[in-house]
Amino acid sequence: MNDKIAPYMGPSIIDVTSIRPKLVDAANGTLSGARRQKPGFPEMFDELSKALPQYGETLGVHPSMLQNIVDKTATLDEIRALKKDVLKLAEVLEESEIYYEDARESDISRIGGFLDATIQHGDPSVQAAFNKTLAYRAQYAKKAAETRRKNKQARPETNAEPSTEPRSPGV
């Protein structure tokens with residue numbers, strides 16, 4: 001297309017069936033304060049994998065604890081692999097929505113231009129058939145004009161005459 005917009009080439013179907021039983025939907029705020037992975041996890045995980053089998057009994061840690069960590073790490077790897085594609089697809093959907101919405105609004109604006117020209121220089125009777133279209137197109141312009149009017153009213157009047165007295169140095 002051009003250097004700013006290109007067709008999306010990523011996956012269009014993202015199947016989470018394999019990890020669906022492991023997915024959770026937490027109520028808002030439930031996970032605030034949850035602990036997250038810190039830097040150095042891979043090195044620490046490697047150390048645990050080697051040291052816990054040897055020293056787990058001495059520490060009083062059941063062997064299943066290491067297996068729990070291994071299983072959760074595998075689940076995280078699966079989630080993160082899918083999440084990357086899901087986030088990219090969500091980004092592409094958002095950008096596509098904005099792109100097509102902007103293009104549609106441009107088309108509406110062009111139609112409004114034809115309406116304006118026809119009403120002004122051709123057949124003013126067409127205005128009645130397009131009142132909602134003209135009002136839709138004019139919303140932001142009306143809002144901007146109202147804001148300018150309010151801002152102008154809020155400004156203090158400055159009728160002060162410029163001083164003709166010489167200014168002292170340092171003032």
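Values below: all heavy atoms of this structure, side chains included; hydrogens, waters and symmetry mates excluded.
In this structure, Glu57 places its CD atom where only 12 or fewer heavy-atom neighbours from other residues, nucleotides or ligands lie under 6.0 Å away. Within a 6.0 Å radius of CZ in Arg20, no more than 12 heavy atoms belonging to other residues, nucleotides or ligands are found. Atom CD of Glu47 is surrounded by 12 or fewer heavy atoms from other residues, nucleotides or ligands within 6.0 Å.
To the nearest 0.5 Å, atoms CD (Glu78) and CZ (Arg80) are separated by 12.0 Å. Put simply, CD on Glu91 and NZ on Lys88 are 4.0 Å apart, with the number rounded to the nearest 0.5 Å. We find the CD-OG distance between Glu101 and Ser106 to be 11.0 Å, quoted to the nearest 0.5 Å. Rounding to the nearest 0.5 Å places CG of Leu76 at 10.0 Å from NZ of Lys72. To the nearest 0.5 Å, the span separating CZ on Arg149 from CG on Asn151 amounts to 10.0 Å.
One finds no salt bridge joining Glu146 and Lys143 here, because no Lys/Arg side-chain nitrogen approaches an Asp/Glu carboxylate oxygen to under 4.0 Å.
Side-chain contact between Leu89 and Tyr8 is present, with heavy atoms from C-beta onward closer than 4.5 Å.
Pairing each heavy atom of Asp15 with each of Leu82, the nearest pair is O-CD2, 3.8 Å. Listed here is the closest heavy atom pair of Pro124 and Gly122: CD-O, 3.4 Å. In plain terms, the two heavy atoms of Ala27 and Thr30 that are nearest each other are O-OG1, 2.7 Å. The minimum heavy-atom distance between Gln67 and Asp71, with the atom names listed, is NE2-OD1, 2.7 Å. For the pair Pro21 and Thr17, the tightest heavy-atom approach, listed with the atom from each and the gap, is CD-O, 3.9 Å.
Hydrophobic clustering (side-chain heavy atoms under 4.5 Å, transitive across Ile, Leu, Val, Met, Phe, Trp, Tyr) groups Ile79 together with Ile14. Taking hydrophobic clusters as Ile, Leu, Val, Met, Phe, Trp and Tyr residues chained together by side-chain heavy-atom distances below 4.5 Å, Leu87 does not share a cluster with Leu93. Follow the hydrophobic side-chain contacts under 4.5 Å out from Ile108 and you never reach Leu134; the two are in separate clusters. No chain of hydrophobic side-chain contacts below 4.5 Å, direct or via other Ile, Leu, Val, Met, Phe, Trp or Tyr residues, connects Ile119 to Phe114.
Applying the salt bridge (charged side-chain N to carboxylate O under 4.0 Å, His left out) definition to pairs two or more places apart or across chains, those involving residues 102-111 are Asp107-Arg110.
With side-chain heavy atoms closer than 4.5 Å counting as contact, directly or through intermediates, the hydrophobic cluster containing Met44 also holds Phe41, Phe45, Leu48, Leu52, Leu59, Val61, Met65, Leu66, Ile69, Val70.
Distance alone, capped at 3.5 Å, is enough to place a donor-acceptor pair between the Gln139 side chain and the Tyr136 backbone.
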